[in-house]
Amino acid sequence: KGTSMIDALVNDGDLVIMEQTQAWQDGDMVAVWLKDRQETTLKKIYRDGDRIRLQPANVTMEPIYVDPANVEVQGKVLYRMGSGF
């Protein structure tokens with residue numbers, strides 16, 4: 001839900017096919033459980049010093065910086081499909 005990934009061609013209501021994994025590399029698009037917020041978000045993920053940067057693919061939105069202990073990667077995107085496909 002939302003518009004944080006529109007520049008990666010993921011629009012509100014689109015479906016994404018994911019591989020369940022906790023492994024990731026910088027730049028992967030992943031579903032992340034943010035423990036302190038009790039919410040899941042879809043973002044590109046990067047190591048940024050001693051923290052994690054969750055980068056939206058929308059130039060109007062700021063990245064989210066989190067402590068690695070607060071992040072649980074649930075899976076990474078393999079394929080996306082929606083109104084643009």
Side-chain angles (χ1 to χ4, degrees):
K1 200 156 81 157
T3 59
S4 70
M5 298 304 288
I6 59 172
D7 293 339
L9 303 177
V10 179
N11 296 297
D12 192 10
D14 286 355
L15 299 174
V16 293
I17 307 299
M18 305 192 74
E19 172 187 11
Q20 185 177 359
T21 183
Q22 293 180 351
W24 57 274
Q25 296 179 14
D26 281 355
D28 283 347
M29 190 183 313
V30 297
V32 175
W33 174 250
L34 298 173
K35 297 174 187 176
D36 66 340
R37 298 181 189 194
Q38 295 287 294
E39 68 182 40
T40 300
T41 187
L42 184 70
K43 300 284 186 283
K44 291 192 175 184
I45 191 169
Y46 299 90
R47 289 172 185 83
D48 194 337
D50 61 348
R51 59 189 179 168
I52 300 290
R53 176 170 46 101
L54 300 173
Q55 184 69 47
N58 181 333
V59 296
T60 67
M61 296 182 168
E62 296 295 320
I64 301 168
Y65 292 95
V66 292
D67 184 306
N70 187 44
V71 172
E72 183 180 306
V73 173
Q74 297 181 324
K76 63 182 171 180
V77 174
L78 298 177
Y79 183 76
R80 40 191 189 272
M81 55 190 176
S83 57
F85 295 91

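Here, residue 1 is the first one in the sequence, and each next residue gets the next number. Computation of the quantities below employed the complete heavy-atom set of this structure, encompassing side-chain atoms and omitting hydrogens, waters and symmetry-equivalent molecules.
- K43 approaches M5 most closely through the heavy-atom pair CA-SD, 3.9 Å.
- With contacts defined as side-chain heavy-atom distances shorter than 4.5 Å, the pair M18/Q20 does not qualify.
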(message) Would V10 and M29 count as a side-chain contact (heavy atoms from CB on, under 4.5 Å) here? Give the steps.
(response) CA-CA 11 Å; V10 179; M29 190 183 313; 4.2 Å; yes
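- Placement of V30 and L34 within a single hydrophobic cluster is found when ILVMFWY residues are connected by side-chain heavy-atom separations under 4.5 Å, directly or transitively.
- Closest of all the heavy-atom pairs between Q74 and W33 is NE2-CB, 3.6 Å.
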(message) Please evaluate residues W24 and I52 with respect to the criterion side-chain contact (heavy atoms from CB on, under 4.5 Å), reporting the C-alpha separation (whole Å), side-chain torsions for both, the decisive distance (0.1 Å), and the verdict.
(response) CA-CA 12 Å; W24 57 274; I52 300 290; 3.8 Å; yes
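- Judged as a salt bridge (Lys or Arg N to Asp or Glu O under 4.0 Å), and not counting sequence neighbours, the contacts of D48 are R53.
- The minimum heavy-atom distance linking A31 with L42 is given by the pair N-CD1, 4.0 Å.
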Check residues 61-70 and write down every donor-acceptor pair under 3.5 Å in which the side-chain atom is one partner and the other belongs to a residue at least two apart or another chain.
unit_1	atom_1	unit_2	atom_2	d
D67	OD1	A69	N	2.7
N70	OD1	K35	N	3.2
N70	OD1	D36	N	2.7
N70	ND2	D36	OD1	2.7

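- Qualifying side chain to side chain donor-acceptor pair (under 3.5 Å) partners for R51, counting only residues two or more places apart in sequence or in other chains: none.
- Each salt bridge (Lys or Arg N to Asp or Glu O under 4.0 Å) pair with one or both residues in residues 17-28, not counting sequence neighbours, appears once here: D26-R47, D28-K76.
- Remark: K44 engages no residue in a salt bridge (Lys or Arg N to Asp or Glu O under 4.0 Å) (not counting sequence neighbours).
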